[in-house]
Amino acid sequence: MSDDHSEGAAAAADGMSSSPLGGGNQTALGSEIQAKIGQHLRAMYDDVVRQGVPDRFMDLLSKLDKADNTSGEGGGRK
């Protein structure tokens with residue numbers, strides 16, 4: 001069982017470059033790891049976009065627009 005863990009750690013270490021985060025133009029993560037992170041981020045973003053805006057938020061935005069329009073017409077504060 002410890003062999004599996006050490007193999008996973010070695011694979012993770014292979015994805016890392018030898019330079020520190022702030023050094024030069026090299027990235028700290030390998031291209032395969034960056035691609036995986038990108039895939040996961042895109043999937044999460046797509047899920048959030050599909051959910052849409054809840055009705056209560058749309059109501060709040062509508063109220064804010066109305067308040068902004070009425071304060072702007074009557075010589076409101078700037």
Side-chain angles (χ1 to χ4, degrees):
M1 186 175 215
S2 65
D3 290 335
D4 292 340
H5 179 68
S6 63
E7 287 176 11
D14 287 342
M16 302 286 285
S17 73
S18 60
S19 68
L21 284 174
N25 290 334
Q26 294 182 348
T27 58
L29 299 176
S31 59
E32 290 180 31
I33 293 174
Q34 288 180 2
K36 276 284 194 202
I37 291 171
Q39 289 171 352
H40 286 282
L41 287 173
R42 278 189 290 278
M44 290 175 59
Y45 178 79
D46 289 343
D47 186 43
V48 169
V49 169
R50 267 187 248 112
Q51 290 178 10
V53 179
D55 291 337
R56 63 187 178 136
F57 289 163
M58 292 303 291
D59 292 341
L60 287 171
L61 289 171
S62 176
K63 288 178 184 177
L64 286 171
D65 283 341
K66 287 179 186 175
D68 191 35
N69 288 338
T70 58
S71 68
E73 291 173 0
R77 294 173 270 155
K78 288 189 177 188

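All residue numbers refer to positions in the sequence shown, counting from 1. All values reported here derive from a predicted model rather than from experimental measurement.
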| Residues Gln39, Lys36; criterion side chain to side chain contact (heavy atoms under 4.5 Å, CB included); working and verdict | CA-CA 5 Å; Gln39 289 171 352; Lys36 276 284 194 202; 3.8 Å; yes
| task | Say whether, by atom type as modelled, one donor and one acceptor occur between the side chain of Ser62 and the main chain of Met58 under 3.5 angstrom. | result | no
| request: Output every pair passing salt bridge (Lys or Arg N to Asp or Glu O under 4.0 Å) with a member in residues 49-58, not counting sequence neighbours, ordered by first then second residue. | output: Asp47-Arg50
| said: Checking Leu60 now: which residues fulfil side chain to side chain contact (heavy atoms under 4.5 Å, CB included) with it, not counting sequence neighbours? | reply: Phe57
| task | Kindly compute the distance separating CG (Asp59) from CG (Leu64), expressed to the nearest 0.5 Å. | result | 11.0 Å
| field | Linked hydrophobic residues, Tyr45 as query - side chain contacts closer than 4.5 Å | value | Val49
